[in-house]
Peer 1: 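My questions all concern the structure below.
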There are 2 protein chains.
Amino acid sequence: MTKDGARPSARPRLSREIVLQAALRLVDEEGLDALTMRRLGQELDRDPMALYRYATSRAELLDGVAELVLAQLDMPTDVPDWQAQLRRTAHDFRQLALAHPNVVPLIVTRPLATPLALRPIGTLRPLEQMLELLVRAGYTPVRALHVYRSYWGLLHGHILNELQEVVVDPEETDALLRLGLHRLPNKDFPRLRGLAKALLAGYDGAAALDESLDLLLSGLTGDTPAPRKVRARKA
Amino acid sequence: MTKDGARPSARPRLSREIVLQAALRLVDEEGLDALTMRRLGQELDRDPMALYRYATSRAELLDGVAELVLAQLDMPTDVPDWQAQLRRTAHDFRQLALAHPNVVPLIVTRPLATPLALRPIGTLRPLEQMLELLVRAGYTPVRALHVYRSYWGLLHGHILNELQEVVVDPEETDALLRLGLHRLPNKDFPRLRGLAKALLAGYDGAAALDESLDLLLSGLTGDTPAPRKVRARKA
DNA sequence: GGCGCCTGTCTACGATGTAGAGTCACACAG
DNA sequence: CTGTGTGACTCTACATCGTAGACAGGCGCC
């Protein structure tokens, strides 16, 4: 044996990438609270302090995790049908969020603590790409920004909705119980209790997202003049 | 002097209400991180442990704070124009969020950790009220639920958008610097950098919210058959 | 062969949430 | 007036957290 009697397993040099990937895995598997410096260090078989070479604080680590997920969202800008692209990207985002539900709070919340331009770059790329897409579609930059806000807000709102649809105990047969609705005084919550079955059915997130997109996109079509082939317009 | 030489100031018996109010004030003034048991105890001139009589854990305290804010949202259900009411409530919600920006992360995020029916009651009332409103407007309960989701998602999405519009240092004159945009390689972010002025102008949140509502509501009008005066409809 | 840098480690400190046992005042029964 | 019980509040203690600061060891480069 060379030197490490305990762990002959691979101990490659760390890198920000490796650290963040491990952090993401930890968050995915055990939740945000499990992501402590000590725990992550142990996961990487390294002293917790070693992590500070790759993230200056735990908060920055969280940002890194959010960025890692968001960076997987890539939006081509040279497409013939920009609306179709918005739709596609929306569904990509949804899938990403469903694949990493524990990261969603970070994605929607961390930007509140960080001014726009100081945010991790991977977080800004979708914005830039979407601006590019919309401008090519004929929007002025300012209008593009507005559209971006509506669109991104819709995405965040939708995913927050969809992720709270959790069935407490799928074994339980009684609908009321299964949702914990029995706890509610049905004097005060007749409507809500009446919806037990509908709530239990869960909801088709993809379909709901499409409906919302329909609304947004149809609202937008009366908006831009450029059906296709937009060229640079003079000042 | 009777007994307390230090603080002759009022020390009324605590109550959940008092504790939560103090917690809310603390969060409003100093942010979420400032809300620690010790700090809150000191604020109330009480041993930190005393708080556990009124909230079983820090997490439950956070839920309480979110509930306290959300409970201020009251939506009358017996109104002539339900769409106008949705609009009004949306703006109420926005004002509430702007008044308590530090609580917004809790409002949008805590529900993800708690199954619907186990959430604080004050949190569920807006849902119940909105269902009632929509049913009275002629929607079936299930459709009402769908509308609620779209609407609530829109609200959350909008407010998350609006709250990230923060100007770093209003003293700074250069637009790029003021936003920290100079940090961005403008090879990669030409569009974003080009929007410096627009970003600095901030955005009119109320107007943007109204635009989104226009979209949603106009999408809904083709939806319900009941322009007014809805009575019970036979199965 | 020596020097310097970069990665990772060690130790230590203050702060946090909260369990469990203890204290003290006050309401009420006699 | 006195005893007693109950519930609000306090005390002490502990495991765990983020992270500052000094240190070690190996590798590349001159």
Peer 1: What is the distance, rounded to the nearest whole Å, between atom CE of B:Met49 and atom C1' of D:dG7?
Peer 2: 17 Å

Peer 1: Between A:Arg38 and A:Ala50, which has a closest nucleotide on DNA chain C that is more 5'?
Peer 2: A:Ala50

Peer 1: Nearest-Å distance, CG (B:Leu14) to C1' (D:dT10)?
Peer 2: 13 Å

Peer 1: Keeping the roles fixed (side chain from B:Glu67, backbone from B:Thr123), state whether a donor-acceptor pair exists under 3.5 Å.
Peer 2: no

Peer 1: Let me know the distance between CG of B:Leu35 and C1' of C:dT16, rounded to the nearest Å.
Peer 2: 12 Å

Peer 1: Could you please name the option among D:dG21, D:dA8, C:dG8 that lies closest to any side-chain atom of B:Tyr54?
Peer 2: D:dA8

Peer 1: Got a salt bridge between B:Arg191 and A:Glu132, using NZ or NE/NH1/NH2 to carboxylate O under 4.0 Å?
Peer 2: yes

Peer 1: Indicate whether OP1 or OP2 belonging to D:dC9 is found under 4.0 Å from a side-chain N or O atom of B:Tyr52.
Peer 2: no

Peer 1: What's the CE-P distance between B:Met37 and D:dT10, to the nearest Å?
Peer 2: 13 Å

Peer 1: Strictly below 4.0 Å, N to O, side chains only: are B:Arg193 and A:Glu128 in salt-bridge contact?
Peer 2: no

Peer 1: Taking the side chain from B:Thr114 and the backbone from B:Arg110, do they hold a donor-acceptor pair closer than 3.5 Å?
Peer 2: yes

Peer 1: Please round to the nearest 0.5 Å and tell me the distance separating atom CG of B:Leu51 and atom CZ of B:Arg58.
Peer 2: 12.0 Å

Peer 1: Which whole-number value in Å describes the distance from A:Leu51 CG to C:dC10 P?
Peer 2: 14 Å

Peer 1: Report the distance from atom CD of A:Gln42 to atom P of C:dC10, rounded to the nearest whole Å.
Peer 2: 14 Å

Peer 1: What closest approach, in Å, do A:Leu145 and B:Ala198 show between heavy atoms, and which atom pair accounts for it?
Peer 2: CD2-CB, 4.3 Å

Peer 1: What integer distance in Å separates A:Ile18:CD1 from C:dT7:P?
Peer 2: 12 Å

Peer 1: A:Arg53 or A:Asp33: which one's nearest nucleotide on DNA chain D is closer to the 5' end?
Peer 2: A:Asp33

Peer 1: Could you pull out the closest heavy-atom pair between B:Asn161 and A:Arg149, with the gap in Å?
Peer 2: ND2-O, 2.6 Å

Peer 1: So for the helix from C:dG1-D:dC30 to C:dG30-D:dC1, with five pairs setting each end axis, what is the inter-axis angle to 10°?
Peer 2: 10°

Peer 1: Using atom CG of A:Asp47 as one end and atom P of C:dT11 as the other, report the distance to the nearest whole Å.
Peer 2: 10 Å

